[in-house]
Amino acid sequence: MGIEFLEKSHQFHLYNDEISYVFHIMRNGQLGNLYFGKRIATNHDYTDREEHSYRPVSAYTYDHEYSFSLGDLRQEYPAYGTGDFRDPAVEIKQENGSTITNFTYQKHHIFAGKPRLDGLPATYVESNDEATTLEITLHDDVIAADMVLTYTIYADRNVIARNVRFVNHGEQPLHITKAMSLALDLPDSNYDWLQFSGAWARERQPKARHLQQGIQAVGSTRGASSHMQNPFVILKRPNTTEDLGTVIGFTFVYSGNFRIQAEVDTYDVTRLTVGIHPQNFDWKLNPGAVFQTPEALITFSHTGLNGLSQTNHALLRERLVRGKWRDRNRPVLINNWEATYFNFDEDKLVQIAKKARDRGIELFVLDDGWFSTRNGETSGLGDWWANRNRLPNGIKGLATRVKKLGMKFGLWFEPEMVNKDSELYRNHPDWIIQTPHRHPSHGRQQYVLDFSRPEVVDAIYTMMAKILAGADIDYIKWDMNRNITEVYSAAYPADQQGEIFHRYILGVYSLYERLIKRFPDILFESCASGGGRFDAGMLYYAPQAWTSDCSDAAERVKIQYGTSYGYPLSSMGAHVSITPNHQLNRSTPLKTRGDIAFFGGGFGYELDLNKLTPAEQKTVNAQIRFAKQSREIINHGTFYRLQDPFTHNIAAWMVVSPDKRHALVEVYKMLNDVNAPFRLTYLRGLDSNAQYRVTEEGGQDYGSHGGDELMNAGLITTDEQAGQVATEDIKGDFSSRLFILSAE
């Protein structure tokens with residue numbers, strides 16, 4: 001692993017055992033891309049891969065010469081307006097109104113390790129031999145500004161991390177109106193674009209299409225990464241499968257407005273850019289100031305989609321998540337929300353906690369409604385002190401009673417929001433994001449606090465820290481239930497209003513960071529009406545996220561399956577809720593609800609255990625025992641998608657322990673079928689030379705089978721409906737089967 005610079009050809013080569021990334025300093029001083037993909041030889045000059053051709057309508061850089069046009073070259077960080085008419089990675093508006101720039105090579109620095117980004121989430125290393133970093137400084141003489149491109153390649157991971165830093169050395173302010181975190185020009189367009197789209201309660205559904213000439217993009221301008229699109233995109237060759245073929249993944253480590261875009265030109269060159277969405281973005285860079293873009297990750301696999309996902313999973317789980325809970329299994333929890341909503345008092349909560357304790361649940365979480373005058377969605381947000389009508393002994397009193405049961409205690413917050421019916425708003429009506437002389441929109445009767453202002457963040461921190469310091473609290477669920485409209489801050493002048501979206505998310509990050517440093521033992525779970533801010537940026541602060549507000553097992557199969565393309569199981573909060581389900585009014589078996597929820601790092605319940613039948617109580621007991629037994633492999637194992645729920649009635653996935661001695665296989669059937677065929681499920685990731693005892697959850701033993709047999713001949717998953725009509729023994733719709741494999 002390393003970074004090689006060939007002085008004679010001015011070529012940089014980033015490489016490890018699996019991948020190579022090659023680019024060079026072009027004759028005009030800018031950087032041009034030569035290759036990205038599977039590892040190729042080092043100490044070799046690849047500059048002949050820079051292709052030139054006369055194009056009748058191109059604009060050329062050098063007088064009386066027709067062999068060098070930026071519009072025809074693959075570049076590392078392109079700008080618009082000097083021959084390249086494609087969408088640029090950077091645009092800087094100057095005092096005279098021009099946006100033309102020319103950043104050329106000045107120097108570079110190669111060093112071991114990986115620097116952290118100030119105030120921003122980013123992947124990291126624990127020793128300098130894990131990665132090598134290249135910083136290239138380019139300079140524009142006319143505007144007296146530097147642009148520093150940073151590349152880090154990991155030694156044992158097929159990952160390259162990139163970011164960009166701008167420094168104004170001039171005497172006039174500059175306005176950065178576009179600053180992508182990475183650009184990658186690929187030599188052809190024979191890729192399928194795979195994005196992860198949806199809406200509230202049906203997040204991250206994979207959507208695929210073949211790249212065509214023109215632009216295809218996903219993004220968010222909501223102030224959050226959003227339910228609708230996710231800041232993770234895959235390019236794969238058309239013949240790529242889960243297990244074979246070339247795949248490139250792009251992950252943006254950021255939680256605010258973003259855009260990931262592929263532009264295919266008329267010569268089938270593909271330009272992929274990842275960064276802050278340029279809409280409404282305008283950062284004023286004063287003399288002497290620095291602007292840092294967030295981190296973007298390029299992940300590569302030549303072993304299919306599963307290979308790409310496994311690389312992403314391990315990186316995010318091991319080198320993005322931080323702190324005490326990074327490597328620890330998460331406690332089994334119960335959340336009171338769907339059991340009580342706002343209808344609770346201290347005694348009622350303790351009764352729920354006692355029942356949960358008796359079942360073996362380890363963490364009781366009090367959700368919305370515990371604070372101020374909160375009796376519904378119209379009041380109380382922003383006033384973070386206990387509602388003494390419901391909790392006469394405050395949070396400390398309730399926490400003490402829960403702790404005496406031998407359980408951990410958790411609490412819900414929504415710190416970024418405020419109701420107009422609150423003391424905070426009455427005292428500081430200018431603290432919400434709103435445009436002067438315009439009526440502010442509301443969402444669920446709440447408004448967004450202006451976290452671009454440090455004094456607002458300070459006020460919320462003070463209230464939260466007082467609660468956390470005054471009671472023994474182990475867990476925080478951090479919610480965020482609406483997006484930003486009428487974006488404007490009263491604290492900034494007109495020429496800085498384009499900074500507010502970004503400054504807002506920096507304020508969110510700073511609040512997280514302060515709380516984490518003061519209360520390092522607390523487990524944070526992020527939430528945004530479920531999956532509205534499920535992104536890599538949040539995982540830097542909260543190791544798990546509420547995957548979706550939809551807790552229906554049938555929908556969760558799709559949501560968790562789609563999420564798994566980019567994010568590890570350990571990051572997914574997955575709970576068993578009541579049936580009929582509160583989002584869909586659908587009834588699914590308790591067994592199925594548990595089986596699906598097992599495959600998330602944050603397993604728990606969203607129901608009142610006191611209302612379950614004795615038979616259901618027995619099932620819950622078994623589920624909790626199994627969750628505790630299996631959480632090590634769920635959190636730290638290797639995950640494989642086997643059959644997707646979007647095109648099949650039967651879905652399957654599995655997770656294998658790091659030593660390959662244990663595996664869990666989930667097979668889920670949406671709807672029953674009559675006189676069904678025999679079925680096989682082909683497993684992955686096992687030891688070909690090992691013998692595995694195969695049992696089904698509940699105790700049925702299927703004997704001993706070789707790893708090679710299970711992967712090549714398949715696991716027999718034929719169910720009771722093969723060749724039969726319905727009997728009392730046949731499972732109903734929405735059934736699941738969980739197989740347990742143990743090496744003998």
Side-chain angles (χ1 to χ4, degrees), residues 10 12 23 25-32 59 61-62 70 75-109 115-120 133-151 162-183 254 257 273 275-296 452 454 489 491-503 505-506:
H10 297 161
F12 298 94
F23 59 94
I25 305 166
M26 298 188 294
R27 59 186 291 200
N28 70 337
Q30 296 181 20
L31 302 180
T61 301
Y62 299 102
L70 290 173
Q75 300 169 60
E76 276 300 291
Y77 201 74
Y80 170 83
T82 58
D84 191 346
F85 299 99
R86 294 166 291 183
D87 199 61
V90 60
E91 187 171 81
I92 300 175
K93 189 173 183 179
Q94 299 135 50
E95 284 290 294
N96 64 3
S98 171
T99 59
I100 300 299
T101 56
N102 182 30
F103 285 96
T104 59
Y105 173 84
Q106 297 294 301
K107 61 183 179 179
H108 72 269
H109 178 41
R116 299 205 176 202
L117 299 186
D118 185 33
L120 285 164
T133 296
L134 166 67
E135 288 187 346
I136 303 178
T137 301
L138 300 104
H139 184 73
D140 186 313
D141 288 331
V142 174
I143 62 175
D146 283 347
M147 180 170 71
V148 182
L149 305 185
T150 301
Y151 303 74
R162 292 182 58 178
N163 67 79
V164 184
R165 183 171 72 252
F166 296 89
V167 186
N168 185 357
H169 296 292
E171 298 179 353
Q172 300 294 329
L174 303 170
H175 283 264
I176 303 172
T177 57
K178 180 182 291 184
M180 296 290 104
S181 294
L182 75 78
Y254 188 66
N257 291 352
T273 53
I276 296 173
H277 204 298
Q279 181 171 318
N280 297 327
F281 178 77
D282 183 340
W283 191 272
K284 184 180 181 181
L285 192 66
N286 285 314
V290 176
F291 178 76
Q292 174 67 60
T293 72
E295 180 170 271
S452 72
S489 174
Y492 294 87
D495 63 355
Q496 287 187 263
Q497 291 303 316
E499 303 174 13
I500 305 308
F501 270 125
H502 184 54
R503 286 188 180 275
I505 204 65
L506 293 179

**Q.** Pair listing, salt bridge (charged side-chain N to carboxylate O under 4.0 Å, His left out) test, anchored in residues 136-151, at least two apart
**A.** none
Q.
Going by salt bridge (charged side-chain N to carboxylate O under 4.0 Å, His left out), name the pairs with one or both residues in residues 97-108, residues two or more places apart or in two chains.
A. none
Atom of [X], atom of [Y] and distance for their closest heavy-atom approach:
X: L70; Y: Q75; answer: O-NE2, 2.9 Å
X: S489; Y: I500; answer: CB-CD1, 3.6 Å
X: E295; Y: N163; answer: CA-CB, 4.4 Å
X: L138; Y: G29; answer: CD2-O, 4.2 Å
X: A183; Y: T273; answer: CB-CG2, 4.0 Å

Q: Determine which pairs satisfy side-chain hydrogen bond (donor to acceptor under 3.5 Å, both in side chains) with at least one residue from residues 92-104, sequence neighbours left out, and list them in order.
A: Q30-N102
Q. Is there a donor-acceptor pair under 3.5 Å between the side chain of Y77 and the backbone N or O of M180?
A. yes
Q | N/O donor-acceptor pair under 3.5 Å between S181 side chain and T293 backbone | A | no
Under the ring-ring contact (aromatic ring centres under 6.0 Å, His included) rule, collect the residues that match up with [X], sequence neighbours excluded.
X: Y151; value: Y21, F23
X: F103; value: none
X: Y62; value: F68

Contacts under 3.5 angstrom, residues 276-291 side chains, donor-acceptor by atom type, not counting sequence neighbours:
| from | atom 1 | to | atom 2 | distance (Å) |
| --- | --- | --- | --- | --- |
| H277 | ND1 | Q279 | N | 3.1 |
| D282 | OD1 | H175 | ND1 | 2.7 |
| K284 | NZ | D495 | OD2 | 2.8 |

(Q) Tell me every residue that passes side-chain contact (heavy atoms from CB on, under 4.5 Å) with Y105, counting only those two or more places apart in sequence or in another chain. (A) F12, I25, H108, I136
Q | Test side-chain contact (heavy atoms from CB on, under 4.5 Å) applied to T133 - qualifying residues, sequence neighbours left out | A | F111, K114, P115, E135, T150, T152
[X] side, atom [atom1]; [Y] side, atom [atom2] - distance, nearest 0.5 Å:
X: I143; Y: L174; atom1: CD1; atom2: CG; value: 5.0 Å
X: T61; Y: M26; atom1: OG1; atom2: CE; value: 8.0 Å
X: R165; Y: D118; atom1: CZ; atom2: CG; value: 11.0 Å
X: Y492; Y: R503; atom1: OH; atom2: CZ; value: 4.5 Å

Quick one: list whatever passes salt bridge (charged side-chain N to carboxylate O under 4.0 Å, His left out) with [X], sequence neighbours left out.
X: E91; answer: none
X: R86; answer: D84, D265
X: R27; answer: E65

